[in-house]
Amino acid sequence: MTEVDLDHHRSGDAVTAELRADVVAGLTAPQKWLPPKWFYDADGSELFEKITQLPEYYPTRSEREVLAAHAADVAELTGAHTLVELGSGSSEKTRLLLDALTAHGTLEAFVPLDVSESALAEAAEAISKDYPGLAVRGVVGDFTQHLALLPDGQPRVVAFLGGTIGNFLPAERAAFLRSVREVLDEGEWLLLGTDLVKDAGILERAYDDAAGVTAEFDKNVLRVINTRLGANFDPDEFEHVSHWDAENEWIEMRLRARHDLTVEIPGADLTVAFAAGEHIRTEISAKFRPSGVEAELAAAGFALEHWWTDSQQRFGVSLAKSVRG
């Protein structure tokens, strides 16, 4: 397989220190929590790819439908020389954009950024092989920390797909969108995927599938803590829970202790007690309304130029241009 350049902005020691800080903050809070980025070691990335193929998990199919219909429009409207993908994973849907931009004749470089080095390297090498002549530079990093280190290549379109924007709390989301705007020049582009508000049953099934793949993915955060911090979590002592919060319009994923238990985390110098039924919130996944997406983009310095949805109106993809602040 073709070798590609990888820029590393997350050393092993730095990752462990970051995880330690999150574990201490989250598991000593009155209502325990852990950030969803810790799902994604190699096993977690593989589990998530399986989730995207499940019958209950509509977002990937819905977003792919939108991109298949409108990737050529994105290419025509942006004329991008560089496609940057944040949280790229396997970059499978991104091939629709790569095909369109290549056919348009403007694309020179692809820059995928992901926290998982193994998933990033595999995807970047496959794309480098399949798109000869395209400069591929993978960035191993955290899109909440390392956007300023992305390479240039104007005009750029930054793709943030999959509804991942919903994993941020509202204040975090606003800060993240501003950080994207700050690294773009006026007139460059953001392509944003947002899952839309819909029936609670559809949402809860999407995050708690019958085959139990999402449950294993949720529990993988415990395995990551075991591996990196020497903890003794037994994932089987926790039950995966999916809950729709109608007030906040987001899904919460949680791990619920099946009984009273105590966990030792030597790498964080921490002992954590769990009462039977106590939860760790591991993810929120906010769902959006079109007017809200436009307002949040505008507040961050973007003008919404185009809004597309799938045939069932389940998922929205917006193309926004960075404007003068």
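All residue numbers refer to positions in the sequence shown, counting from 1.
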Take Phe39 and Thr282, measure what side chain to side chain contact (heavy atoms under 4.5 Å, CB included) needs, and give me the verdict at the end. CA-CA 9 Å; Phe39 291 137; Thr282 53; 3.7 Å; yes
Hey, is CD on Gln53 packed in by over 12 heavy atoms from elsewhere, all under 6.0 Å? yes
Who passes salt bridge (Lys or Arg N to Asp or Glu O under 4.0 Å) against Glu108, sequence neighbours left out? none
Hey, are the side chains of Asp142 and Glu18 touching, using non-hydrogen atoms and a 4.5 Å cut-off? yes
Check whether any side-chain N or O of Asn220 sits under 3.5 Å from a backbone N or O of Arg223 as a donor-acceptor pair, and report yes or no. no
Short side-chain donor-acceptor distance under 3.5 Å, Asp208 and Thr214: no
Roughly how far, to the nearest 0.5 Å, is the CD atom of Glu76 from the CG atom of Asp73? 8.5 Å
Report yes or no: does Glu172 contribute a side-chain atom to a donor-acceptor pair with the main-chain N or O of Leu169 at less than 3.5 Å? yes
Atom pair OG/CD of Ser179 and Glu182 - distance to nearest 0.5 Å: 6.5 Å
Closest non-hydrogen atoms of Leu97 and Ala71, given as atom of the first, atom of the second and distance, are CD2-CB, 4.1 Å
Test item: Arg281 side-chain N/O and Met253 main-chain N/O as donor-acceptor pair under 3.5 Å: no
Looking at every non-hydrogen atom in both residues, tell me the closest pair between Leu161 and Leu191 and how far apart they are. CD2-O, 4.1 Å
Residue pair Arg228 / Thr16, side-chain donor-acceptor N/O under 3.5 Å: yes
To the nearest 0.5 Å, how far apart are CD1 in Ile251 and CG in Leu203? 5.0 Å
Mind checking whether Asp114 and Val140 have side chains closer than 4.5 Å, heavy atoms only? no
Indicate the ring-plane relationship of Phe217 and Tyr40, choosing parallel, tilted or perpendicular according to the 30° and 60° boundaries. perpendicular
Salt bridge between Lys219 and Glu239, side-chain N to carboxylate O under 4.0 Å? no
Just by distance, with hydrogens left out, do Ser285 and Tyr207 show a side-chain donor and acceptor under 3.5 Å apart? yes
Are Leu19 and Val263 connected, step by step, through hydrophobic side chains (Ile, Leu, Val, Met, Phe, Trp, Tyr) whose heavy atoms are closer than 4.5 Å? yes
For Ser128 and Glu125, indicate whether the former's side chain and the latter's backbone hold a donor-acceptor pair under 3.5 Å. no
Are any of the side-chain nitrogens in Asp236 or Arg258 under 4.0 Å away from the carboxylate oxygens of its partner? no
Cluster overlap Ile165 with Ile284, hydrophobic side-chain contacts below 4.5 Å: no
Atom NZ of Lys50 and atom OG of Ser45: how far apart are they, to the nearest 0.5 Å? 12.5 Å
Evaluate the side-chain proximity of Thr78 to Leu319: yes if any heavy-atom separation is below 4.5 Å, no if none is. yes
What are the two closest non-hydrogen atoms of Ala80 and Val157, and how far apart are they? CB-CG1, 3.7 Å
Of all heavy-atom pairs between Thr102 and Leu98, which one has the smallest distance, and what is that distance? OG1-O, 2.6 Å
Salt bridge (Lys or Arg N to Asp or Glu O under 4.0 Å) with Glu188: of Arg181, Lys321, Arg156, only one passes, and it is Arg156
Is there side-chain contact between Val158 and Leu86, with at least one heavy-atom pair below 4.5 Å? yes
Let me check something: do Phe48 and Leu34 share a hydrophobic cluster, defined by ILVMFWY side-chain heavy atoms less than 4.5 Å apart, either directly or through other members? yes
Quick check: closest heavy atoms across Leu229 and Ala268, and the distance to 0.1 Å? CD1-CB, 4.4 Å
Short question: side chain of Glu85, backbone of Leu113 - any donor-acceptor pair under 3.5 Å? no
Does some side-chain heavy atom of Ile265 sit less than 4.5 Å from a side-chain heavy atom of Val272? yes
Nonpolar side-chain network containing Trp33, other nodes, edges under 4.5 Å: none
According to salt bridge (Lys or Arg N to Asp or Glu O under 4.0 Å), who are the partners of Glu65, at least two apart in sequence or on a separate chain? none
Pair listing, ring-ring contact (aromatic ring centres under 6.0 Å, His included) test, anchored in residues 266-298, at least two apart: Phe238-Phe274
Ile280 reachable from Leu47 in the ILVMFWY side-chain graph, under 4.5 Å edges: yes
We want to know whether Ser242 and Glu204 form a side-chain donor-acceptor pair, criterion being a heavy-atom distance below 3.5 angstrom. no
Checking Glu264 against Asn232: is there a side-chain donor and acceptor pair closer than 3.5 Å? no
Kindly say whether Gly230 contributes a backbone atom to a donor-acceptor pair with the side chain of Asn226 at under 3.5 angstrom? no
Please report the shortest heavy-atom distance between Lys32 and Ala273, naming the atom on each side. NZ-O, 3.5 Å
May I ask you to check whether over 12 heavy atoms, not counting those of Asp269, lie within 6.0 Å of atom CG? no
Just distance, no hydrogens or angles: give the donor-acceptor pairs under 3.5 Å from side chains in residues 298-306, sequence neighbours left out.
none

Test item: Val74 and Val317 side chains (from C-beta on) under 4.5 Å apart, heavy atoms: no
Using modelled atom types and a 3.5 Å cut-off, is there a donor and acceptor pairing between side-chain atoms of Glu63 and backbone atoms of Gly162? yes
Tell me, please, which residues at least two apart from Asp195 pass salt bridge (Lys or Arg N to Asp or Glu O under 4.0 Å). Lys198, Lys287
Thr60 side chain vs Tyr57 backbone, donor-acceptor pair below 3.5 Å: no
Applying a strict under-4.5 Å side-chain criterion to I, L, V, M, F, W and Y, I'd like to know whether Val241 and Leu261 cluster together. no
Could you verify whether a donor N or O on one side chain and an acceptor N or O on the other, from Asp310 and Tyr58, lie under 3.5 Å apart? no
For a quick check under 3.5 Å, do Ser322 and Glu186 share a side-chain donor-acceptor pair by atom type? no
Taking the side chain from His81 and the backbone from Leu107, do they hold a donor-acceptor pair closer than 3.5 Å? no
Donor-acceptor under 3.5 Å (Asn248 side chain, Trp250 main chain): no
